[in-house]
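Scroll down for the structure; my scribbles are underneath it.
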There are 2 protein chains.
Amino acid sequence: MLQDVYPKLTLEIMDLVGNKWTLLLVYQLAERTQRFSELRRNMAPISQKMLTQKLRELERYGMVDRFVWPSTPPKVEYALTDLGRSFLGAASVICDWTRGNVEELAAARASFDAAAQEALSAA
Amino acid sequence: MLQDVYPKLTLEIMDLVGNKWTLLLVYQLAERTQRFSELRRNMAPISQKMLTQKLRELERYGMVDRFVWPSTPPKVEYALTDLGRSFLGAASVICDWTRGNVEELAAARASFDAAAQEALSAA
DNA sequence: CCGAATCCTAGAAGATACTG
DNA sequence: CAGTATCTTCTAGGATTCGG
């Protein structure tokens, strides 16, 4: 039965992609290993707190590796793991789907909103 | 440049799958056309409000069709559109990925949490 | 039966200030 | 440089009530 299998699964997926930054962060790290400050620039306007938090989450999921260079000033690099790259492969399918259907989605929304507007003015 | 293309895209994706119910609802409707009350049973413990809200969203995105039978008592059926089925194809790739890696993800979390715990007790 | 309207709360996310 | 700590704001989501 579908609903016995997917509830837990979808909740797991929400943890992975169900927020504003995670997917974008994975895409960013896919380009190359980056330091914290680089990431912050490239992910602007993300806050320090959010970036730290999302990086920890991804590290916890085994999708990102964290390398600390014990120097002064401190230097920390983040890189995608194999699991992270594997995830990116799957996630990019929806990204591509969305990109391929972005106009159709926009048209559907516009049509829906227009109908709602008309129903409103009819009343 | 990646970050010029994907921010808007990922936000669009968050609208689609970045919440607790949407993905599961699409999976549920993929099985067959269903009435509101059927859906509510099958999606338990979803609230009426959430179900209505998510159905409207999906309808607005052109992924779900809504058929009203003007009878007493009222009867309303919901069905996936072609676009909805197309989306399901893309979304199922992440679902399958997650299902295929659920143990690896759990192991990574356990390992991360154990390390954090150890660091804590060392202090 | 289907769903709109209202109220309420937990947790997500932002802003700011401070530290090794 | 790479965080942590704290405070505030915002919103998703649940509970409940009412209507056609």
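Whole-Å rounding puts the B/Leu51 CG to C/dC2 C1' distance at 10 Å. Look at CD1 on A/Ile46: it is 11 Å from C1' on C/dG14, rounded to the nearest Å. When the P atom of D/dG13 is taken as reference, atom CG of A/Asn19 falls 13 Å away, rounded to whole Å. Atom pair B/Arg40:CZ and D/dG13:C1' shows a separation of 14 Å (rounding to whole Å applied). In this entry the distance linking CD of B/Gln48 with P of C/dC1 reads 10 Å, nearest Å. In this entry the distance linking CG of B/Leu11 with C1' of D/dT11 reads 15 Å, nearest Å. Here the C1' atom of nucleotide C/dT16 and the CE atom of A/Met50 are 15 Å apart, to the nearest Å. Atoms CE (B/Met43) and P (D/dG13) sit 12 Å apart, rounded to a whole Å.
The side chain of A/Thr52 approaches D/dT4 more closely than any other nucleotide in the set D/dA2, D/dG13, D/dT4. Distance from the side chain of B/Lys49 is smallest for D/dA15 among the nucleotides C/dC2, D/dA15, D/dG3. Minimum atom distance to the side chain of B/Arg56 is reached by C/dA4, of the listed C/dC1, D/dC1, C/dA4.
Side chain of A/Thr81 to backbone of A/Gly84: a donor-acceptor contact under 3.5 angstrom is found.
Salt bridge annotation for A/Arg109-B/Glu12: present, with a cationic side-chain nitrogen under 4.0 angstrom from a carboxylate oxygen.
A 4.5 Å side-chain heavy-atom check between B/Ile13 and A/Val17 finds every atom pair outside the cut-off.
In this structure, CZ on B/Arg40 lies 14.5 Å from CD on B/Gln34, to the nearest 0.5 angstrom.
At the heavy-atom level, A/Arg35 lies under 4.0 Å from the strands shown only through sugar-phosphate atoms. Contact annotation for B/Trp69: no contact, since no heavy-atom pair falls under 4.0 Å across all strands.
At D/dG3, one or more side-chain N or O atoms of A/Tyr78 fall inside 4.0 Å of OP1 or OP2 (strictly under the cut-off). Between A/Ser37 and D/dA2 there is a side-chain N or O to OP1 or OP2 distance below 4.0 Å.
Both tests hold for A/Lys75 against A/Trp69: distance to the six-membered ring centre under 6.0 Å, angle to the ring axis within 45°.
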